[in-house]
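Some notes on the structure that comes next.
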Amino acid sequence: MSRYDPSQIEPKWRTAWEEAQVFQARHDPARPKYYVLEMFPYPSGRIHMGHVRNYTMGDVVARYKMSCGFSVLHPMGWDAFGMPAENAAMERGGHPKDWTYANIADMRDQLKPLGLSIDWSREFATCDPEYYGQQQAMFLDMLDAGLIYRKSAQVNWDPVDMTVLANEQVIDGRGWRSGALVERRELTQWFFRISDYSSELLEALDGLKDWPEKVRTMQANWIGRSQGLQFAFTTVGAPEEFDRIEVYTTRPDTLLGASFCAISPDHPLARHLERHDPKVAEFVAECRRIGTSEEALEKAEKKGLDTGIRVLHPLDNAWELPVYIANFILMDYGTGAIFGCPAHDQRDFDFATKYGLPIEAVFEAAENPAPLTEAFVPMKSEPVRYVRGFAGEAVQTGEAAVAAAIAFCEENGIGRGVTNYRLRDWGLSRQRYWGCPIPVVHCPDCGVVPEKKENLPIRLPDDVTFDQPGNPLDRHPSWRDCTCPRCGAAARRETDTMDTFVDSSWYYARFTAPRATTPTDRAEADYWMNVDQYIGGIEHAILHLLYSRFFARAMVKTGHLPAKAAEPFDALFTQGMVTHEIYMTRDAAGRPVYHLPEDVTDGKLADGTPVEVIPSAKMSKSKKNVVDPVNIIRDFGADTARWFMLSDSPPERDVEWTASGAEAASKFLARVWRLAHETAEGAGGAGGPADAALEKAIHKGIDEITRAIDGFAFNKAVAKVYELTNTFARSDASNAARRAAMRIMAQLMAPMVPHLAEDIWTMLGGEGLVVNAPWPKADPALLVEDEVTLPIQINGKKRGEISVPRDMDKAGVEAAVLADPAVQKVLNGAAPKKLIVVPGRIVNVVV
RNA sequence: GCGGGUGUGGCGAAAUGGUAGACGCGAGGGACUCAAACUCCCUUUCCGCAAGGAGUGUCGGUUCGAGUCCGACCACCCGCACCA
């Protein structure tokens with residue numbers, strides 16, 4: 001064989017790796033460990049380019065660390081519970097279990113040809129009873145530890161399909177299948193007490209040095225710590241038991257700008273009024289139709305209803321404010337009631353304008369105050385002049401004024417300073433079949449009773465159908481009926497299952513001992529935790545990563561993880577999406593028709609119809625801008641797919657898939673293979689100084705590529721490999737020097753294109769498998785240059801350059817610069833105003 | 001609406017506050033070939049014949065020097081608690 005043929009090479013090396021069991025993670029106390037984890041996939045049935053990119057990046061890290069002498073854990077599993085399986089069962093028939101396991105088998109078959117360094121012996125799916133049974137055991141421990149409780153919460157209810165809808169299933173306030181107007185309903189549901197950990201989860205973010213700053217910022221904002229004042233309004237004309245309304249404010253300094261009090265439609269007072277006043281009932285019902293997502297509430301038009309009730313201003317009892325029920329007040333945040341200060345909050349300003357309420361400025365700009373045409377909301381750190389202040393200086397910052405206002409209110413018995421968090425408890429109940437059953441029983445005598453651990457796993461029944469609306473567990477003839485684990489009386493099993501975020505909140509821990517008969521194995525967790533490098537999409541920046549951080553703490557508390565694993569992910573990397581152009585034509589009615597990239601050549605369909613090209617967007621089935629990795633691997637090989645996914649774009653940014661880019665990647669790999677082949681056949685030049693130059697280039701390459709991989713700059717590593725290859729191809733080095741150089745190139749490329757690297761390694765007489773070869777080390781002596789080129793700037797613009805010895809002192813450089821003809825011409829005999837010499841970098845002459 | 005991010009040639013991009021455009025794609029020219037494919041070599045930010053000038057989303061600022069730092073704005077992307 002004398003040409004690069006991935007279809008021959010790739011299966012051969014995968015077999016070799018498998019036979020040598022090189023990817024099996026070994027608990028070896030003598031060696032340092034390294035745990036690389038990519039976010040596990042949902043088994044949709046097809047892998048996509050996003051998977052290829054994600055898993056290739058993880059594979060580069062895993063293989064590189066392996067070469068550096070670490071005992072590497074690089075596992076793979078399946079986030080296998082969730083709605084799509086039930087939707088498939090409803091739409092196409094069949095069983096979610098069959099659908100899911102068939103998808104897993106398909107995806108595993110598609111993934112394996114990529115040649116990932118995965119320890120497949122640790123594979124599991126979250127829908128395996130062996131996995132979710134252990135999750136149930138932890139649920140019981142966490143329930144026992146007071147980390148889980150029940151309370152009433154709201155869900156989206158589809159009155160036609162008689163089912164609970166996910167937020168994504170609510171489109172413009174209507175159910176996605178039925179089209180019926182969605183209502184809010186209350187159900188008693190299970191919750192994790194994540195909010196007990198608010199301050200800890202917030203403060204521990206500072207320790208996550210190897211997480212992206214943006215993710216830590218997003219989490220900090222999500223947790224949302226605020227300092228404020230809680231106080232009570234005394235009511236006038238309110239029903240009995242509602243003589244006070246507790247409110248929370250982060251701006252107590254604006255108390256004298258209050259013009260109304262607003263309560264949530266779910267506030268107890270609103271609920272009370274709803275039962276007696278049809279107008280309130282109608283308004284509250286309208287509010288509930290907005291849905292449960294914060295996004296929908298925030299985007300909805302701000303509306304309120306005057307209840308007729310009044311409250312007394314706490315600083316002036318002669319001053320009454322109206323009480324509104326307002327659709328934008330969240331019951332979950334603070335006390336579910338606020339006072340509105342229209343002058344200094346845009347939403348309150350809009351509300352006051354709409355309902356004709358007074359707008360009184362509390363403070364104005366310290367300089368050049370302007371009349372209010374919109375809310376005046378300066379930074380809290382900016383000093384302003386208080387015209388209706390009641391505590392602190394007349395001119396002070398918002399921060400100082402808030403502190404002074406809280407102190408004043410505490411001294412005068414008006415209220416107290418409190419710390420509040422935006423983070424709400426994590427509702428884990430789902431009214432669905434395809435999830436982990438919550439292991440409790442409802443007994444008429446004993447109430448809610450935890451299942452006994454020896455009865456776990458509580459398995460999902462297989463004999464269910466999806467031809468009727470609602471949760472099949474609710475109407476299962478026998479599964480739901482059981483006996484009380486405490487008194488033995490007839491009882492009902494809990495039919496809610498767990499949020500799939502629970503499944504993904506501890507899978508990383510399970511990988512350390514996937515077959516253990518307890519959730520984790522202490523010795524294995526001690527050795528392998530924490531995850532040294534976690535890789536996944538930025539879309540998981542908040543929920544999945546925050547829930548996992550909480551769950552690890554809950555596992556520590558219940559003895560399932562060592563204390564060191566409270567923060568489970570030491571380093572996090574968030575990779576960008578894979579995008580592609582969109583090809584579109586229009587049908588007779590003018591509606592868009594999308595076309596697969598493989599059906600488009602040179603901007604035309606097979607029949608010659610030109611297509612409209614829409615700029616790249618995230619690959620999605622609906623826009624048909626998808627490229628199937630299976631086809632790419634079949635046509636070009638896995639190494640080409642891997643190489644292209646790593647080249648061009650920085651890993652954290654989106655990468656555009658282009659057919660020409662894939663071809664170029666393939667051509668380049670063929671070129672490297674050819675150069676290696678020629679070298680193996682004895683090709684070589686004169687040698688001599690060329691040998692030394694090539695050796696120097698190789699060591700520079702080792703240095704640069706190693707640093708690029710360490711820094712997650714795979715695109716730069718690829719660029720350096722190109723450079724090195726160009727140098728190699730042009731070199732006049734002897735065959736011996738070329739052989740040595742090419743072996744090192746094989747090692748440097750091995751994490752990225754492992755099959756090709758093995759082939760080259762063997763071709764050039766490398767010992768054993770390149771995957772087992774230790775990472776090459778750059779010789780520092782070969783990295784230094786004797787001469788440096790210094791650009792000369794005149795007034796900041798580059799006007800020339802000089803070459804000087806590397807260690808020339810400043811005075812020498814200055815003299816050389818002043819002697820430069822271009823500089824002399826500009827100076828025209830005069831002395832420069834300033835001469836800036838940055839050693840080894842640049843010279844700037846200011847004239 | 002709120003929170004976070006991104007923006008540099010025809011395209012993907014590179015650049016510890018120090019030569020803007022490394023490397024690759026595409027395009028153009030050439031060599032090889034009967035011809036083509038493959039391969040190899042050269043050119044390629046824009047304006048300009050050139051000298052030279054302009055240029056990193058827009059506007060302003062700090063600095064000897066700004067793609068990089070600061071402020072305002074625009075566009076797009078991610079998240080918003082039951083998609084995973």
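Just so we're on the same page: letters track the sequence lines, and every chain starts at 1.
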* May I ask you to say what A:S504 touches in the nucleic acid, namely base, sugar-phosphate or nothing, with a heavy-atom cut-off under 4.0 Å? => nothing
* Check every strand shown and say whether A:A664 touches a base, only sugar-phosphate, or nothing at a heavy-atom separation below 4.0 Å. => sugar-phosphate
* Does the side chain of A:Y507 come within less than 4.5 Å of A:M39's, by heavy atoms? -> yes
* To do: Using a strict 4.0 Å threshold on nitrogen-to-oxygen distance, state whether A:D350 and A:K302 make a salt bridge.
  => no
* Asked: With a 4.0 Å cut-off on heavy atoms, is A:W222 in touch with a base, just the backbone sugar-phosphate, or nothing at all?
  -> base
* Given RNA chain B, 5'-ward residue of the pair A:E294 and A:D648, judged by closest heavy atom -> A:D648
* Do A:R707 and A:D703 sit within salt-bridge range, that is, some charged N less than 4.0 Å from a carboxylate O? -> yes
* To do: Taking atom P in both B:G57 and B:A14, compute the distance separating them and give it to the nearest angstrom.
  => 14 Å
* Structure fact -> RNA chain B: first to last nucleotide in contact with chain A (atom under 4.0 angstrom from a heavy atom), 5' to 3', is B:G1 to B:A84
* Structure fact -> Of A:K214 and A:K834, the one whose nearest nucleotide on RNA chain B sits closer to the 5' end is A:K214
* To do: Sticking with atom P, work out how far B:A22 lies from B:G30, rounded to a whole angstrom.
  => 24 Å
* **Separation between the P atoms of B:A66 and B:G5, rounded to whole Å** => 25 Å
* For B:A20 and B:A54, measure between their P atoms and round to the nearest Å. => 13 Å
* Checking all strands, does A:K667 fall into the base, sugar-phosphate, or nothing category for heavy-atom contacts under 4.0 angstrom? -> sugar-phosphate
* Asked: What is the nucleic acid contact for A:Q189, judged by heavy atoms within less than 4.0 Å: base, sugar-phosphate only, or nothing?
  -> base
* Asked: Under 4.0 angstrom, heavy atoms only, what part of the nucleic acid is A:R653 near: base, sugar-phosphate, or nothing?
  -> sugar-phosphate
* Asked: Would A:E301 and A:K354 satisfy salt bridge (charged side-chain N to carboxylate O under 4.0 Å, His left out), going step by step from the backbone distance to the final call?
  -> CA-CA 11 Å; A:E301 189 194 346; A:K354 185 167 185 169; 2.5 Å; yes
* Structure fact -> Taking Watson-Crick and G-U wobble contacts under 3.5 angstrom, with | marking pairs to another strand and [ ] crossing pairs, the secondary structure of RNA chain B is written (((((((..(((.....[....)))((((((.......))))))(((....)))..(((((..]....))))))))))))....
* Which is true for A:Q431 with a 4.0 Å heavy-atom rule: it touches a base, it touches only sugar-phosphate, or it touches nothing? -> base
* Structure fact -> Only one of A:T500, A:D499, A:T497, A:N471 passes side-chain hydrogen bond (donor to acceptor under 3.5 Å, both in side chains) with A:R430, and that residue is A:D499
* **Whole-Å C1' distance, B:U56 and B:G21** => 9 Å
* Asked: Which is true for A:V215 with a 4.0 Å heavy-atom rule: it touches a base, it touches only sugar-phosphate, or it touches nothing?
  -> nothing
* To do: Please work out if A:R216 contacts a base, only the sugar-phosphate, or nothing of the nucleic acid, heavy-atom cut-off 4.0 Å.
  => nothing
* **Heavy atoms of other groups near A:K833 NZ, more than 12 under 6.0 Å** => no
* Enter syn or anti for the glycosidic conformation of B:G9, syn applying to angles within 90° of 0. => syn
* With a non-hydrogen cut-off below 4.0 angstrom, is A:P650 in contact with a base, only sugar-phosphate, or nothing? -> sugar-phosphate
* To do: Report which part of the nucleic acid A:S647 touches: base, sugar-phosphate, or nothing (heavy-atom distance under 4.0 Å, all strands).
  => nothing
* In whole angstrom, give me the gap between the C1' atoms of B:G60 and B:C41. => 48 Å
* To do: Write down the distance separating the P atoms in B:U44 and B:A50, rounded off to the nearest Å.
  => 13 Å
* To do: Give one of base, sugar-phosphate or nothing for A:V846, where a contact means two heavy atoms less than 4.0 Å apart.
  => sugar-phosphate
* Indicate yes or no: does A:E186 engage A:R288 in a salt bridge with an N to O separation below 4.0 Å. => no
* Residues A:D266, A:R184: salt bridge by 4.0 Å N-O rule -> yes
* Asked: Between A:R422 and A:E294, is the closest basic N to carboxylate O distance under 4.0 Å?
  -> yes
* Give A:F501 one of three labels, base, sugar-phosphate or nothing, depending on what nucleic acid heavy atoms sit under 4.0 Å from its own. => base
* To do: Using a heavy-atom cut-off of under 4.0 Å over every strand shown, decide if A:H544 touches base, sugar-phosphate, or nothing.
  => nothing
* Does the ring centre of A:Y534 sit less than 6.0 Å away from the ring centre of A:W211? -> no
* When the C1' atoms of B:C47 and B:G9 are considered, how many whole Å apart are they? -> 14 Å
* Heavy-atom side-chain contact between A:D79 and A:T126 under 4.5 Å -> yes
